[in-house]
Each structure stands twice: as structure tokens, then as C-alpha cells.
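The first residue in the sequence is number 1, and the count goes up from there.
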Amino acid sequence: MISNWLSAALARRNIHYGWVMVAVTFLTALISAGTVGAPGVFIVPLQKEFGWTTAEISSALSIRFILFGLMAPFAAALMNRYGLRNVTLLALLIVVSGLVASLAMTQVWQLMLLWGVVIGLGTGMTALVLGATIAARWFVARRGLVVGILTASVATGQLAFLPLLASLTEAYGWRIALGLVCMMLGVAAFAVLMIMRDRPSDVGLRPFGDEGTEPLPAPPPNNTPIMAAALGTLRDASKSGVFWILFATFFICGASTNGLVQVHLIPMCLDFGIPQVQAASLLAAMGIFDFVGTIASGWLSDRYDNRWLLFWYYGLRGLSLLFLPFSDFTLYGLSLFAMFYGLDWIATVPPTVRLATQRFGPERANLVFGWIFAGHQLGAGVAAFGAGLSRTVLQTYLPAFFVAGALCVVAALIVLAISRPKAAVV
């Protein structure tokens, strides 16, 4: 098998196969995240072609965000039972099927079914839970850094492809741009099939940083029903105040990123006379800054108090959102916003994952984080619909940005209510 040959070749160079898992997961998350971010480019073309309102399109995206999040804990249970590779391949197949079918849609209910339900379920089967699972299973050392790298791929993928997709949409129409997304998903599926494995023991290794000398035995078969595993974890975790603080702050995180800026920044820029490709380039610039900021966040989360990291991340994000309406949407003002907001786009994930791992243990970390991530996407869904409704009813997006900024300041304060962990950071 390719994985065994590759593992042996890397071992001769003293490179752990876990880093190959990081690479293939990075690629998969990057492309999958581009699928999640793409609809921000298509809002205006869909309005022009079909006459759908911003609120109607936002409703479909809101459904997708919510299902994307609600699937996360069940995705973790599916991965634990059926394996990372099998679940990831199925997820990619579902997403591609939904996108291909949407090329022929003509009614708003079809948009809600395909872009809302089908793609929401497909992307939710991996989401950020995949990266958290890779870090927990394949790494003992550098877990925070790995989560940072894989989280950066998600946010960067949501933003980096936008200028290309915007250019294709402007020149050839949104269907051509969507066809490119389908081709990229096929590339990701092939990489997963050839390279991804479930556990270090599958290639005769221990996790990176584990100083043992013998490969770990394969775990016993996991026959726990999916619903029981996911809901049982929620029942146990919900007894902890830490869980609810992380859930609430991640709700605000989703409301102030995916649901608001990712979906509505481009249409809002158009309201202020900024061309779509230029607005998409602004989001791409955020993606570059996010890549740096999230990897740095992973590095910092291995070394410093994660509570105070979250305090600064949420506080600075809130200030940047409150600043945006006063930037006059000039090149200087938007560039300043892109830099500060981009550095903080999804830097909250590594500290949140580490706090969940510390409080609930590495074996249940992906399931607990799945429920916390569900809060993230519920917030995204509320913001996606709320901002679209604001634009339709009030003819402006600005109230949604003010509300999101204020909520981020609230998140910065409540995260300090988490007590300092008694155990050492691992």
C-alpha cells in the first residue's frame, strides 16, 4: 500500500507519518472550506439571474451553517466508529453531488435543499472535528501547533479561493466557478483515498512525541451507536460550566466570522461601490493574515494560558468589527481592518480545543469539541440570516456588524470565568 511504503520512506529520513496526515488533511480542509466560502461570491449573481432576495439566499446559507455545526458531534462519533478515511470520502462525495445538482437549480427551494441541507450535511461530516481528531490521535507533542495549522487551512480555504471564483463568475458565470470547485474536491478525494489512515498503528507507529518503542496495538472495535456516543457526551459535558462558556463564546465566534463577514462582506462592499473582485481580494488578504495568526495561535496555545489568549482574540476582533463602519471603506481603512481582523479570524480554535482536551480528556475531546463547534455554526446561521434580513429590511448591513462587535467584547469577558486548569498542559 502507498501509505506503508511512504511511511517506511519517511522513517528513513526520521520524518513521522503524522506530518503526512497533517498535509493531506490540510489539502482536504483547504478545498472543502473553499466550498463553504464560495456562496459569498454567488449571492449577487443569483439575485440577478433568479430575482431571489438577500434574505432568501441567506436563509439557505443559514440552514447550511446550522447543519454544518450540528453534524460535528455526530461526525466525531462516525470517525471513531468507521474511520477517518471512510467518513471523509463519504463527506466529499455528498458535497460534490450537491454542487453538481445545483448547477441545474431554478427555484429557491432547490437552493435551500442543495446548498442548505445537502452541502450542510456533507461539509459537517468533517468540519473542524477532523483536524481535532488528527491532532488527538497522531500527536502527543505539538498538538496545539497541529490544530493551528489545520484550523488555518479551514479559514484560509474559505477566503483564498474567493478572488479566483469571483473572477471566473464575472467572466464566465457562477456555474463555471462552481464546476472548478467540484474538480478540486475530486483532487482532495483522491488524496484522501491514497494517503489518509485512521491511526498511527495502521502504519506501525506510535503518535508523534510518544517516546515508547513499540507500535500501539489497534484499538478494539467501536460498536457504540452513533446517537448514543454523541448524545451521551453532550449529557456528560453539559454538567460542566466550562462547556457552556466555550459553547457560548464559540457561538459568538461563528456569528462574527463565517455567518457575517464570510457571507456578507462582499455584498456590503458592493453597497459602497467596491467591485466584487476587489472585495473578494480583501477577503483573500484576510485569509493570508489568518494563516499566520492561526498557526501562531497554535504555537502560543502550547505555551501560554489559553483563557487569556481567548480574551485578547475576542476583544481585538470585537474592536475591529466596531471600527469597520467608521473606516469609510477606503483602501487604507479596509486594509487596516483586513490585517487586524484577519490575524484573529479563527485564531480562537487552538485555545478552545486545548481547553476542551484539558477539561474532558483526549479520548472524548473530539466529541466534546464537536458540540462546541455546533454552537459556532448556530451562531453563524443566526448571523447569516440576521445580516441578510437587516439588508433587506433596513437596506444596510451596518447594524449586524455593530452587534457582532459588541458580542465579541462580551465573549472576551466571560471566557475569564473559566478557572485555571489544575493539570499541566499536555
Side-chain angles (χ1 to χ4, degrees), residues 62 65-77 124 127-129 131-133 135-136 144 147 151 227-260 297 301 304-315 317-318 344 346-386 403-423 425:
S62 180
F65 281 129
I66 291 171
L67 289 177
F68 182 64
L70 291 178
M71 274 298 295
F74 301 99
L128 291 179
V129 171
T133 305
V147 171
T151 301
M227 292 290 291
L231 296 178
T233 298
L234 175 62
R235 181 194 61 229
D236 296 340
S238 63
K239 299 174 183 177
S240 168
V242 173
F243 171 81
W244 289 112
I245 291 173
L246 294 177
F247 185 94
T249 54
F250 236 42
F251 178 96
I252 294 171
C253 181
S256 57
T257 54
N258 301 60
L260 181 64
S297 174
S301 69
Y304 298 102
D305 191 328
N306 289 269
R307 302 169 308 143
W308 282 103
L309 291 177
L310 289 176
F311 169 81
W312 286 108
Y313 295 160
Y314 283 118
R317 182 190 298 172
D344 192 35
I346 204 164
T348 54
V349 174
T352 302
V353 171
R354 287 192 62 82
L355 285 170
T357 303
Q358 290 167 359
R359 300 309 171 102
F360 301 102
E363 290 301 318
R364 305 190 82 183
N366 64 344
L367 284 164
V368 174
F369 179 70
W371 284 111
I372 294 170
F373 183 69
H376 184 281
Q377 294 308 112
L378 286 172
V382 170
F385 176 76
V403 171
L407 286 174
C408 286
V409 175
V410 172
L413 296 174
I414 64 175
V415 76
L416 295 180
I418 299 176
S419 60
R420 185 184 297 272
K422 297 179 182 178
V425 173

Taking atom OG1 of Thr352 and atom NE2 of His376, what is their separation to the nearest 0.5 Å?
9.0 Å
From OG1 (Thr348) to CD1 (Ile252), nearest 0.5 Å
11.0 Å
Quick check, are the ring centers of Trp308 and Tyr313 under 6.0 angstrom apart?
no
Side-chain donor-acceptor pair under 3.5 Å between Arg317 and Ser256, yes or no?
yes
Please give me the minimum heavy-atom distance between Val415 and Arg307, naming the atom from each residue.
CG1-O, 3.7 Å
Rounded to the nearest 0.5 angstrom, the CZ-CG distance for Phe250 and Leu378 is 12.5 Å
How far apart are the closest heavy atoms of Ala356 and Leu246, and which atoms are they?
N-CD1, 4.2 Å
State, with a plain yes or no, whether a side-chain heavy atom of Tyr314 is found less than 4.5 Å away from one of Ile414.
no
To the closest 0.5 Å, what do you measure between OG (Ser297) and CG (Leu310)?
7.5 Å
Taking Arg235's backbone N and O only, do any of them form a donor-acceptor pair with Ser238's side chain (distance below 3.5 Å, no angle check)?
yes
Looking only at heavy atoms, which two atoms of Pro350 and Asn306 are closest? And how far apart?
O-OD1, 4.4 Å
Nearest atoms (heavy-atom pairs only) where Ala255 meets Ala383:
O-CB, 3.2 Å
For Trp371, run the ring-ring contact (aromatic ring centres under 6.0 Å, His included) check against Phe251, Phe360, Phe74 and tell me which one passes.
Phe74
Testing Phe247, Phe373, Phe243 for side chain to side chain contact (heavy atoms under 4.5 Å, CB included) with Val368, which one passes?
Phe243
Nearest non-hydrogen partners of Gly124 and Ala75, listed with the distance
O-CB, 3.5 Å
Interatomic spacing from OG1 in Thr249 to CH2 in Trp244 - rounded to 0.5 Å
12.5 Å
Step by step, would you call Thr357 with Arg354 a side-chain contact (heavy atoms from CB on, under 4.5 Å)?
CA-CA 5 Å; Thr357 303; Arg354 287 192 62 82; 5.5 Å; no
Decide yes or no on side-chain contact (heavy atoms from CB on, under 4.5 Å) for Asp305 and Phe311, but give the supporting numbers first.
CA-CA 10 Å; Asp305 191 328; Phe311 169 81; over 6 Å; no
